[in-house]
Every structure is written in C-alpha cells, then in structure tokens.
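Just so we're clear, the structure is a prediction, and the values are computed from it rather than from any experiment. Side-chain atoms are counted along with the backbone in the values below, which use heavy atoms only and exclude waters and symmetry mates.
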Amino acid sequence: GDSSTPVFASMDIHAKMLMVDNRYMNVGSCNKNNRGLLLEGELDVAVLDDAFVKTAKQRVLGLATGRPGTDWTRSGAIIFAELKALASANQTKMNEATESGQPLETEPEGFLYPLDFGDEYLLDVGPDMF
C-alpha cells in the first residue's frame with residue numbers, strides 16, 4: 001500500500017504586490033500605506049506598462065493557483081471570488097489530510113489558503129505620518 005503521509009508547512013512571504021486595471025503594478029517589500037511607501041527602509045518597483053503588467057499578472061496568478069491557462073485579465077471582483085473559493089477548497093483538503101493522515105485523492109491547486117486574521121495579526125504599528 002501507499003505509506004506516504006501528507007505534509008503541509010506554513011510559509012510567510014514578505015513581498016507585497018498591487019496590480020490595477022491590468023496597467024499598473026507595484027511590487028516589493030514595503031506596505032501599501034504612508035509609512036511603508038514613504039518612511040520605512042524598504043523597496044518597491046512601480047511599472048506602468050500594459051503588456052508587462054498583463055504578462056506578470058498571468059504568470060503570478062497562474063503560479064499561485066496552479067491554473068496558468070486561466071484568463072486573469074477579467075474583472076477584479078470575479079477573480080477575487082475565484083481566488084477566495086480556491087483558497088477555501090485548498091483549506092478543506094488540508095484539513096481532511098491532516099485529520100485522516102491519509103494521502104489525498106487530489107492535491108490542493110496552487111498554494112492559496114485563507115488567511116485568518118486572528119488577534120496575532122492585529123498589531124498597533126502606530127498612526128500613519130500623513
């Protein structure tokens with residue numbers, strides 16, 4: 001029989017990415033607020049190039065979801081709903097595997113999972129400066 005055991009490991013990614021209307025992209029390590037963009041010692045790159053941003057969006061969301069052939073240039077609300085559903089489905093699979101200790105019939109797609117904003121995420125970092 002198959003003696004493999006499913007293993008899930010948490011990971012944190014420090015990078016932040018912002019894409020607007022398939023035209024503009026901002027990516028880097030700083031938070032998208034006044035402190036992060038103006039005062040902290042971090043770095044971002046801003047790109048205003050339709051072709052580059054569309055290609056980057058296709059690649060990033062294709063890798064994150066395990067669905068590289070999907071058209072990720074559609075409406076943001078539709079994409080968000082799909083990402084949320086995928087994260088929830090992946091969480092269900094992880095829970096089933098963790099509880100049973102048995103291999104899954106189908107693996108999670110990509111690497112999106114819900115982020116539960118518990119008390120450990122609600123830290124007071126002080127007010128924005130502007």
Side-chain angles (χ1 to χ4, degrees):
D2 187 353
S3 63
S4 61
T5 302
V7 176
F8 290 83
S10 295
M11 75 174 171
D12 291 322
I13 298 174
H14 188 71
K16 290 89 172 174
M17 183 178 294
L18 170 71
M19 291 186 182
V20 179
D21 296 334
N22 301 311
R23 300 196 64 215
Y24 173 80
M25 178 173 81
N26 180 288
V27 63
S29 61
C30 75
N31 294 315
K32 307 302 185 228
N33 60 22
N34 287 338
R35 284 185 58 187
L37 291 168
L38 301 173
L39 302 173
E40 302 294 336
E42 306 219 25
L43 182 66
D44 269 21
V45 173
V47 178
L48 181 60
D49 181 312
D50 293 11
F52 181 89
V53 173
K54 279 181 156 179
T55 300
K57 187 176 182 181
Q58 282 295 129
R59 184 163 188 241
V60 167
L61 291 177
L63 290 169
T65 62
R67 300 175 181 175
T70 299
D71 176 12
W72 295 111
T73 61
R74 297 167 292 135
S75 157
I78 292 170
I79 291 172
F80 182 76
E82 289 179 18
L83 297 177
K84 188 175 176 181
L86 177 61
S88 179
N90 284 346
Q91 184 68 52
T92 297
K93 288 180 181 183
M94 183 177 82
N95 292 346
E96 290 171 0
T98 302
E99 291 168 10
S100 72
Q102 299 299 313
L104 294 167
E105 289 184 27
T106 59
E107 293 183 9
E109 288 186 78
F111 54 87
L112 296 180
Y113 292 85
L115 178 60
D116 180 24
F117 285 99
D119 290 340
E120 69 273 14
Y121 288 101
L122 302 176
L123 302 174
D124 183 5
V125 295
D128 279 341
M129 300 299 284
F130 302 95

Novice: Honestly curious: do M17 and L63 fall in one hydrophobic cluster under the side-chain, below-4.5 Å linking rule?
Specialist: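 Different clusters: M17 never reaches L63 through Ile, Leu, Val, Met, Phe, Trp or Tyr contacts under 4.5 Å.
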Novice: With a 4.5 Å cut-off on side-chain heavy-atom distances among I, L, V, M, F, W and Y, is there a chain of contacts connecting M94 to L112?
Specialist: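 No, no single cluster joins them.
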Novice: When you check the gap from the basic side-chain N to the acidic O, do K32 and D44 get nearer than 4.0 Å?
Specialist: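 Yes, charged N to carboxylate O under 4.0 Å.
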Novice: State yes or no: do V53 and V60 share one hydrophobic cluster built from I, L, V, M, F, W and Y residues joined by side-chain heavy-atom distances below 4.5 Å, directly or via other members?
Specialist: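 Hydrophobic grouping puts V53 with V60.
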Novice: Does anything in residues 91-109 form a salt bridge (charged side-chain N to carboxylate O under 4.0 Å, His left out)? List the pairs, not counting sequence neighbours.
Specialist: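 Every pair satisfying salt bridge (charged side-chain N to carboxylate O under 4.0 Å, His left out) with a residue in residues 91-109: R67-E109.
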Novice: Return yes if some donor-acceptor pair links the side-chain N/O of S88 with the main-chain N/O of K84 below 3.5 Å, else return no.
Specialist: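 Checking the backbone N and O of K84 against the side chain of S88, no donor-acceptor pair under 3.5 Å is found.
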Novice: Around atom CG of D71, are there more than 12 heavy atoms of other residues, nucleotides or ligands at under 6.0 Å?
Specialist: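 It does: D71 CG has more than 12 such atoms within range.
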Novice: Which value, rounded to the nearest 0.5 Å, describes the distance between D50 atom CG and T55 atom OG1?
Specialist: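 Rounded to the nearest 0.5 Å, the CG-OG1 separation comes out at 10.5 Å.
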Novice: Is atom NZ of K16 surrounded by more than 12 heavy atoms (other residues, nucleotides or ligands) closer than 6.0 Å?
Specialist: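 Yes, the 6.0 Å shell around NZ holds more than 12 heavy atoms from other groups.
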Novice: Verify, without hydrogens or angle tests, whether Q58 (side chain) and T70 (backbone) share a donor-acceptor contact under 3.5 angstrom.
Specialist: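 Flag set: sc Q58 to bb T70 pair under 3.5 Å.
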Novice: Within this structure, what is the CD-CG distance for the pair Q102 and L104, rounded to the nearest 0.5 Å?
Specialist: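 These two atoms lie 10.0 Å from each other.
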Novice: Counting only heavy atoms not in F52 (residues, nucleotides, ligands), do more than 12 fall under 6.0 Å from its CZ?
Specialist: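 Count not over threshold, so no.
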Novice: What residues form a side-chain hydrogen bond (donor to acceptor under 3.5 Å, both in side chains) with R74, not counting sequence neighbours?
Specialist: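 Testing R74 for side-chain hydrogen bond (donor to acceptor under 3.5 Å, both in side chains), a comparison that skips the adjacent residues, returns E82.
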Novice: With a 3.5 Å distance limit and no angle check, can you tell me whether N33 reaches the backbone of R35 through a side-chain donor-acceptor pair?
Specialist: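 Yes: the side chain of N33 pairs with the backbone of R35.
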Novice: Is there a donor-acceptor pair closer than 3.5 Å between any side-chain N or O of N26 and the backbone N or O of L18?
Specialist: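 Flag not set: sc N26 to bb L18 has no pair under 3.5 Å.
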Novice: Return the set of residues passing side-chain hydrogen bond (donor to acceptor under 3.5 Å, both in side chains) with T98 (not counting sequence neighbours), or none when no residue passes.
Specialist: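 Partners of T98 under the side-chain hydrogen bond (donor to acceptor under 3.5 Å, both in side chains) test: none.
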Novice: Could you go through the side-chain contact (heavy atoms from CB on, under 4.5 Å) check for V27 and V47 one step at a time?
Specialist: CA-CA 9 Å; V27 63; V47 178; over 6 Å; no
Novice: Do the side chains of E40 and N31 get nearer than 4.5 Å, heavy atoms only?
Specialist: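 No, too far: nothing below the 4.5 Å cut-off.
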Novice: Would you compute the distance between atom CD of E42 and atom SG of C30 and round it to the nearest 0.5 angstrom?
Specialist: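 Reported value, rounded in 0.5 Å steps: 6.5 Å.
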Novice: Would you compute the distance between atom CD1 of I78 and atom CG of L83 and round it to the nearest 0.5 angstrom?
Specialist: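 Those atoms lie 12.0 Å apart.
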Novice: Would you say the side-chain atoms of K57 pair up with the backbone N or O of W72, donor to acceptor, closer than 3.5 Å?
Specialist: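 Side chain of K57 to backbone of W72, a donor-acceptor pair under 3.5 Å: yes, one is there.
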